[in-house]
2 protein chains.
Amino acid sequence: MNNTHIELRHLRLLQAVAEAGGLTAAAERLHLTQSAVSHQLKSLEAALGLPLVERAARPAQLTAAGRRLLALAHAALPQVDAALRDLAKLKDGDAGELRIAVECHTCYDWLMPAMDSYRDVWPGVELDLLGGFQADPIALLLEQQADLVVTSDPTPRGGVTYAPLFGFEMLALLPPGHTLATKKWLLPRDFAEHTLITYPVPEDRLDLVRRVLAPAGVKPPRREAQLTVAILQLVASRRGLAALPAWAVAPYLERGYVVARPIGKHGLWAELHVAVRSADAGRAYLADFIDTVRRDSFARLPGLRPAIIQP
Amino acid sequence: MNNTHIELRHLRLLQAVAEAGGLTAAAERLHLTQSAVSHQLKSLEAALGLPLVERAARPAQLTAAGRRLLALAHAALPQVDAALRDLAKLKDGDAGELRIAVECHTCYDWLMPAMDSYRDVWPGVELDLLGGFQADPIALLLEQQADLVVTSDPTPRGGVTYAPLFGFEMLALLPPGHTLATKKWLLPRDFAEHTLITYPVPEDRLDLVRRVLAPAGVKPPRREAQLTVAILQLVASRRGLAALPAWAVAPYLERGYVVARPIGKHGLWAELHVAVRSADAGRAYLADFIDTVRRDSFARLPGLRPAIIQP
DNA sequence: AGTTCGATATGAGTATTGTTCATGTAAGCA
DNA sequence: TGCTTACATGAACAATACTCATATCGAACT
């Protein structure tokens, strides 16, 4: 009689809709089509005899029934994950070594908290963060100096397996009150007359230069700074413009310290991936680290979207 | 990577296997074939890369991995049920009236505790137990005197909807040391020379008489008693034989007060069903009462099996 | 108003996966 | 050693989840 055939899939769906704020965005996160999400939600609502999502509102609002089911999802899904983790430990053991190399300056912002959550559930894994900027971190991987690399360039290489983390937007930063702040988004020529403030990395590693300015033939003067705060300080004091990931500047935007604009009409989007040795790809503690980072990032960082590029 | 596609279905399966003590028994409870259960379990084990059930042992033993997943099931499934109940309340309201009529003397044994658990989750429903033995309780249902009837006879009647509760075995009771106790099971003629002690109901309501003794032309003398303990006392003091549901006599068997034997090689099995007015069948508080009773009974009563008879 | 754009809905077709049916195999018990 | 009970297996079938292509809807902007 009360044969409501609800499944974990439905809970994950509802959670994704709530977190992503819409069916379409949820579909991307779940690696499904928008149609699949719509159909699935509809059939669930039909089975329950109750609407779960207020379709009109944006971002999509859950109904009272939807919120009750979401509460169930929040209670149950972590338990499921924990159980699967325990099973993985039963299978492969709960110890391991995980030396992480990062090729991106701002990545520490989200990597450190993610590592903290990870440590809680895999206390047996020895976590290490390799210091210093690495020119070719993938080499470290193959030389067994590192076990996991965070990179923005998932070009296939022998013996290396990539997994996508997320896509994020690079925002152009202007001092408050700057003339360009009147525009909704910036074009390559808007950078021409300004100094570009960047981390100390080669030009071909800068997405803004490589994918936007260079193709347009714009070559602004550059000035380098080591730290994110230093870059922001230089922008705020009108020494030039910069481009940083949305998540890295969100706190400064809130305080009005600098102003951000998309680069190009659709924005400049970049992605992060992790690389591991293919031989290690099956290890549970490694796979779960990647899951943890991804989950943690989507929960913590603003303006993420799923990665699209296939290695 | 860690894409273990586990679903609530799997948890319910594992719980059924653990409770029923075997794949075949679990299949019956889930209203599936044994084959389906075997396939499903196998695919789950393959997905996890771990065996969950020790097939050799009887009753089927869970492995460490199986026990971990079972723990998850015990934690998660009640939360799911609670959520579905809340949704049902959102949909249909949380109040109602539920007057229960019972046509079986021993049913109070399990009905009262089940009503107690039910009261906890549906405090808004007014529960009433109609007293006295009813000749035709279905009539009460149609006259709006009762809202739910427990019966062993689900013959279709207009305006009445039946739902199966469970099947149970009627055991013949002998005093300890009785000659018949040497047999593994009793045959109709074994009853011929003994007084049959029963509740005060017409003969055609006694399964033993109707389905076993009458067809064999055996007509033993009868003696009636109102209470279960009285019947047991009479058997123990060698005034005759009786037949009662296995669950009703289990505590007395443990203490060796009486001895029980199956009736016929395969035992005499009876079933209980509930009847509600078809107009009410959709009401959430009613449907959930039936679920509660069924769950509660299987958890509490020994030797149950799913009902087979279709109304 | 009309147009455009982003988001959701829908219907038909396909793919996947769950279930049954009909057997086969292994282990426990007279 | 047969008999019985429980589980496994493979092929056929059924259910259902997903995608593709397209329609509809609503808000924002001329």
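Chain letters run A, B, ... following the sequence lines, proteins first and then strands; every chain starts at 1. None of these values were measured; they are calculated from a predicted model. Side-chain atoms are counted along with the backbone in the values below, which use heavy atoms only and exclude waters and symmetry mates.
Residue order along DNA chain C, read from the 5' end via each residue's closest nucleotide, puts His266(A) first among His266(A) and Leu41(A). If Thr33(A) and Lys184(A) are placed on DNA chain D by their nearest nucleotide, the residue sitting closer to the 5' end is Thr33(A). Along DNA chain D, the nucleotide nearest His39(A) and the nucleotide nearest Ala25(B) are compared for position; the residue whose nucleotide lies closer to the 5' end is Ala25(B).
Straight-line distance from the CD atom of Glu28(B) to the P atom of dT20(C): 13 Å, rounded to whole Å. Atom CG of Leu13(A) and atom P of dA17(D) are 12 Å apart (whole Å). Atom CG in Leu52(B) sits roughly 16 Å away from atom C1' in dA8(D) (whole-Å rounding). Rounded to whole angstrom, the span from the CG atom of Leu32(A) across to the P atom of dT16(C) amounts to 14 Å. Atom CZ of Arg9(A) is separated from atom C1' of dG18(C) by 11 Å (rounded to the nearest Å). Atom CD in Glu54(B) sits roughly 18 Å away from atom P in dA6(D) (whole-Å rounding). When the C1' atom of dC18(D) is taken as reference, atom NE2 of His10(A) falls 14 Å away, rounded to whole Å. Rounded to whole angstrom, the span from the CG atom of Leu23(A) across to the P atom of dC25(D) amounts to 17 Å.
Across all their heavy atoms, Arg294(A) and Leu165(A) have their closest contact at CG-O, 3.4 Å. Nearest approach of Gln15(A) to Leu70(A), heavy atoms of both residues: CA-CD1, 3.8 Å. Heavy atoms only, all atoms of each residue included: Leu50(B) and Ala65(B) are closest at CD1-CB, 4.0 Å.
In this model, the phosphate group of dA8(D) is approached by a side-chain N or O of Ser38(B) to a distance below 4.0 Å at OP1 or OP2. For dC25(D), the OP1/OP2 oxygens have no side-chain nitrogen or oxygen of Arg55(A) closer than 4.0 Å. Contact check, Lys42(B) against dT9(D): a side-chain N or O comes under 4.0 Å of OP1 or OP2. Phosphate proximity of dT19(C) to Gln40(B): present, with a side-chain N or O under 4.0 Å from OP1 or OP2.
Applying side-chain contact (heavy atoms from CB on, under 4.5 Å) to Leu69(B) and the options Thr63(B), Leu62(B), Leu13(B), Leu44(B) leaves one that passes, Leu44(B). For the pairing with Leu72(B), the side-chain contact (heavy atoms from CB on, under 4.5 Å) check across Asp86(A), Val80(A), Leu84(A), Leu87(A) returns one residue only, Val80(A).
In this structure, Thr24(A) reaches the bases: a heavy-atom distance under 4.0 Å links it to at least one base atom across the strands shown.
No side-chain donor-acceptor contact under 3.5 Å links His10(B) and His5(B).
Distance from the side chain of Ser35(B) is smallest to dA22(C) among dG11(C), dC18(D), dA22(C). The side chain of Ala60(B) sits closest to dC7(D) out of dA17(D), dC7(D), dT10(C).
Taking five base pairs at each end of the helix from dA1(C)-dT30(D) to dA30(C)-dT1(D) and finding the rotation axis that steps the C1' atoms of four pairs onto the next four gives two axes whose angle is 30°, to the nearest 10°.
Aromatic ring orientation, His194(B) versus His178(B): tilted (interplanar angle from 30° to 60°).
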Where do Asp81(B) and Arg295(B) land on the salt bridge (charged side-chain N to carboxylate O under 4.0 Å, His left out) test, with the steps shown first? CA-CA 12 Å; Asp81(B) 293 340; Arg295(B) 227 195 312 273; 3.6 Å; yes

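Not a single donor-acceptor contact under 3.5 angstrom links the side-chain atoms of Gln34(B) to the base of dA6(D).
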